[in-house]
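See structure below.
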Amino acid sequence: MIRETPLDRILMRTAGWLLAALWIVPLTYALWSAFHPAAFEARFELTAPLTLENFVTAWGKAPFARYFLNTILLVTMVLTVQLVLCTLAAFAFARLEFPGKSVLFGLVLVQLLIMPDILLVENYRTMFRLGLVDTILAIGLPYFASGFAIFLLRQTFRTIPKELDEAARVEGCSLLGLLWRVYVPLGKPAMLAFGLVSVSHHWNNFLWPLVITNSVETRPLTVGLSIFATTDSGIEWAVINAATLMTSAPLLLGFLLFQRQFVQSFMRAGIK
């Protein structure tokens with residue numbers, strides 16, 4: 001067994017502080033420039049006046065209300081479908097017996113090894129054939145089935161004692177009733193953990209929405225922000241940072257409010 005020395009603890013803490021600094025310095029600058037006039041973008045004076053004008057300007061220069069609505073619709077749609085499909089699939093892999101079960105689950109695991117960016121061209125062709133280009137449905141459709149969610153929920157369901165299945169069947173519970181009344185309540189920690197990851201990923205997803213959308217009516221926040229920050233409209237770092245904070249504020253607040261539940265959910269789900 002390897003014993004941790006005082007030097008090891010010092011090195012780990014130093015590395016932790018360095019990583020924290022790399023993360024906090026850009027955020028601190030974004031906060032400073034967003035809440036101060038443009039003249040103080042690079043002048044860090046404690047007496048500099050505070051202002052919300054940058055947020056007002058950013059909100060007025062682009063349809064961020066529409067971008068927010070599109071993003072909320074997208075993450076809600078994707079997460080809802082993922083939880084339904086992946087819960088059913090995970091329950092089948094965990095408790096049911098059917099031909100080809102091991103092979104099918106192996107294919108699910110293979111999905112974890114494939115980067116979504118590799119399938120951009122093929123996904124676009126599929127959406128074009130379906131007539132879904134430039135729709136919110138097209139953004140979320142390739143992500144409806146999540147191999148990670150199926151694997152995570154399957155592992156969670158396998159830890160549930162089979163005696164509960166037998167007790168529920170004695171009470172006259174159907175297969176779907178068993179899933180809804182026994183497995184879903186006991187699997188909520190894993191579902192919450194996956195839900196937080198899914199919302200964060202699709203809120204920040206950029207490349208696929210950029211490829212598949214063409215209009216304001218379908219663009220999510222990430223694409224809208226990238227267009228807003230183009231050099232064609234002039235580089236105003238105070239306004240751009242204000243817009244960036246607006247788009248990332250929901251995730252930052254969500255992380256600060258639910259970070260304890262987030263960590264506990266993954267620990268209960270068995271991820272080491």
Side-chain angles (χ1 to χ4, degrees), residues 74-133 135-202 205 207-208 212 265-272:
L74 172 64
V75 297
T76 303
M77 173 186 66
V78 172
L79 180 59
T80 301
V81 177
Q82 283 180 335
L83 288 178
V84 173
L85 293 180
C86 297
T87 299
L88 293 172
F91 178 71
F93 283 123
R95 285 293 185 258
L96 303 183
E97 296 297 333
F98 52 89
K101 174 181 174 180
S102 300
V103 175
L104 290 176
F105 186 68
L107 293 176
V108 170
L109 296 181
V110 169
Q111 183 191 358
L112 299 176
L113 305 177
I114 301 175
M115 294 295 294
D117 297 346
I118 298 176
L119 303 175
L120 279 177
V121 175
E122 195 59 38
N123 284 340
Y124 187 90
R125 288 176 179 172
T126 302
M127 297 305 151
F128 180 79
R129 291 167 185 163
L130 294 175
L132 296 177
V133 174
T135 63
I136 296 178
L137 178 60
I139 304 176
L141 190 57
Y143 300 95
F144 280 175
S146 170
F148 173 67
I150 295 173
F151 172 76
L152 178 64
L153 294 176
R154 172 186 177 271
Q155 296 304 106
T156 301
F157 290 163
R158 284 170 61 91
T159 62
I160 298 175
K162 290 187 177 181
E163 289 76 11
L164 295 178
D165 298 30
E166 299 171 358
R169 290 298 183 91
V170 170
E171 293 294 330
C173 196
S174 64
L175 194 62
L176 289 178
L178 173 66
L179 173 62
W180 179 252
R181 296 181 181 179
V182 177
Y183 283 82
V184 170
L186 295 177
K188 281 184 179 179
M191 293 180 182
L192 175 60
F194 171 74
L196 294 172
V197 172
S198 176
V199 169
S200 176
H201 172 75
H202 294 290
N205 195 14
L207 186 57
W208 172 242
I212 201 64
S265 296
F266 268 107
M267 291 179 65
R268 291 174 184 174
I271 296 182
K272 305 296 183 182

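Heavy-atom basis, side chains included; hydrogens, waters and symmetry copies ignored. Note that this is a predicted model, so its numbers are computed, not measured.
- Counting heavy atoms from C-beta outward, L153 and Y183 have side chains that stay 4.5 Å or more apart.
- Applying the ring pair (Phe, Tyr, Trp, His ring centres under 6.0 Å) test to every pair with at least one member in residues 158-180, sequence neighbours left out, gives no pairs at all.
- For the side chain to side chain donor-acceptor pair (under 3.5 Å) test, no residue two or more places apart in sequence or in another chain qualifies with N123.
- Taking all atoms of both residues into account, the shortest heavy-atom contact from F148 to L112 is N-CD2, 3.2 Å.
- Listed by chain and number, the residues in a salt bridge (charged side-chain N to carboxylate O under 4.0 Å, His left out) with R125 are E122 (sequence neighbours excluded).
- With sequence neighbours excluded, no residue forms a salt bridge (charged side-chain N to carboxylate O under 4.0 Å, His left out) with R154.
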Give the table of side-chain donor-acceptor pairs shorter than 3.5 Å for residues 99-111, with sequence neighbours excluded, one pair per line with atom names and distance.
unit_1	atom_1	unit_2	atom_2	d
K101	NZ	F93	O	3.0
K101	NZ	L96	O	3.0
Q111	OE1	G147	N	3.1
Q111	NE2	A145	O	3.1

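- One finds the CD1 atom of I150 at 8.0 Å from the CG atom of L85 (value rounded to the nearest 0.5 Å).
- By the side-chain contact (heavy atoms from CB on, under 4.5 Å) test, P161 is found to be paired with E163, L164, residues two or more places apart in sequence or in another chain being considered.
- Between V184 and M191, the closest side-chain pair of non-hydrogen atoms falls below 4.5 Å.
- The two atoms that bring Q82 and F144 nearest to each other are CG-O, 3.3 Å, heavy atoms only.
- Scanning for ring pair (Phe, Tyr, Trp, His ring centres under 6.0 Å) contacts around F151 gives an empty result, with sequence neighbours left out.
- Looking at heavy atoms from C-beta onward, W208 lies out of side-chain contact with P116 at the 4.5 angstrom threshold.
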- From CA spacing to verdict: side-chain contact (heavy atoms from CB on, under 4.5 Å), L186, T156: CA-CA 9 Å; L186 295 177; T156 301; over 6 Å; no
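- With sequence neighbours excluded, no residue forms a side chain to side chain donor-acceptor pair (under 3.5 Å) with T87.
- Pairs of residues two or more places apart, or lying in two chains, that qualify as salt bridge (Lys or Arg N to Asp or Glu O under 4.0 Å) and include a residue from residues 165-185 are R95-D165.
- H202 and Y143 have perpendicular rings, their planes meeting at more than 60° on a 0 to 90° scale where under 30° would count as parallel.
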- Item | Intermediate values then yes/no, side-chain contact (heavy atoms from CB on, under 4.5 Å), L74 and N205 | CA-CA 11 Å; L74 172 64; N205 195 14; over 6 Å; no
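- The backbone N or O of T76 sits less than 3.5 Å from a side-chain atom of T80, completing a donor-acceptor pair.
- Nearest heavy atoms, L79 versus G195: CD1-CA, 3.7 Å.
- In this structure, V78 and S198 approach most closely via the heavy-atom pair CG1-OG, 4.4 Å.
- Under the rule for a side-chain contact (heavy atoms from CB on, under 4.5 Å), the partners of A138 that lie at least two apart in sequence or sit in another chain are M127, L132, T135, I212.
- At least one side-chain heavy atom of S146 sits less than 4.5 Å from a side-chain heavy atom of F194.
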- Query: Taking it one step at a time, do F157 and V182 satisfy side-chain contact (heavy atoms from CB on, under 4.5 Å)?
  - Reply: CA-CA 10 Å; F157 290 163; V182 177; over 6 Å; no
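- In this view, T159 satisfies the side-chain contact (heavy atoms from CB on, under 4.5 Å) rule with no residue, not counting sequence neighbours.
- In this structure F128 satisfies the side-chain contact (heavy atoms from CB on, under 4.5 Å) test together with V133, sequence neighbours excluded.
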